[in-house]
Asker: 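Once you've had a glance at the structure underneath, I'll fire off some questions.
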Amino acid sequence: MSGGGMESVAGPSLSRGGDNGQHTIERCEDFQMPLHYPRYTKEDYQAMSEWKLDCLLKEYGLPVTGNVDNKRNFAMGAFLWPHQ
């Protein structure tokens, strides 16, 4: 695995009884876990544009709701350690 980035993980399918197994439930289909923790400072988050915050939150599977200040505060709370 070279180049970093995201890795796709496909989970097993579950088949429900009845209907001869025609109803299949996909688990973790195409789930991608980022390989690196974001390395932004508090100042970076405070200056970050809304579209970049949206991309960052989506990449980590976090909610992208509220105004830009809500998103910025959520990202700082999720990714910054207390000493930062």
Asker: Supply the atom-to-atom distance Lys71 NZ to Met76 CE, rounded to the nearest 0.5 angstrom.
Answerer: 14.0 Å

Asker: Looking at Trp51, is its backbone amide N or carbonyl O close enough to the side chain of Asp54 to form a donor-acceptor pair, meaning the two atoms are under 3.5 Å apart?
Answerer: no

Asker: Closest heavy-atom contact between Tyr37 and Trp81?
Answerer: CE2-NE1, 4.0 Å

Asker: Look up atom CG in Leu57 and atom NZ in Lys52, then write down how far apart they are to the nearest 0.5 Å.
Answerer: 12.5 Å

Asker: Taking ring-ring contact (aromatic ring centres under 6.0 Å, His included) as the definition, give me every residue that meets it alongside Phe74, ordered by chain and number, with sequence neighbours left out.
Answerer: none

Asker: Is it true that a side-chain atom of Asn70 and a backbone atom of Asn67 form a donor plus acceptor pair closer than 3.5 Å?
Answerer: yes

Asker: In terms of ring plane angle, is the pair Tyr40 and Tyr45 parallel, tilted or perpendicular, where the classes change at 30° and 60°?
Answerer: perpendicular

Asker: I'd like to know if the side chain of Arg72 and the backbone of Leu53 have a donor-acceptor N/O pair within less than 3.5 Å.
Answerer: no

Asker: Nearest heavy-atom pair of Asp44 and Arg39: which atoms, and what distance?
Answerer: OD2-O, 4.4 Å

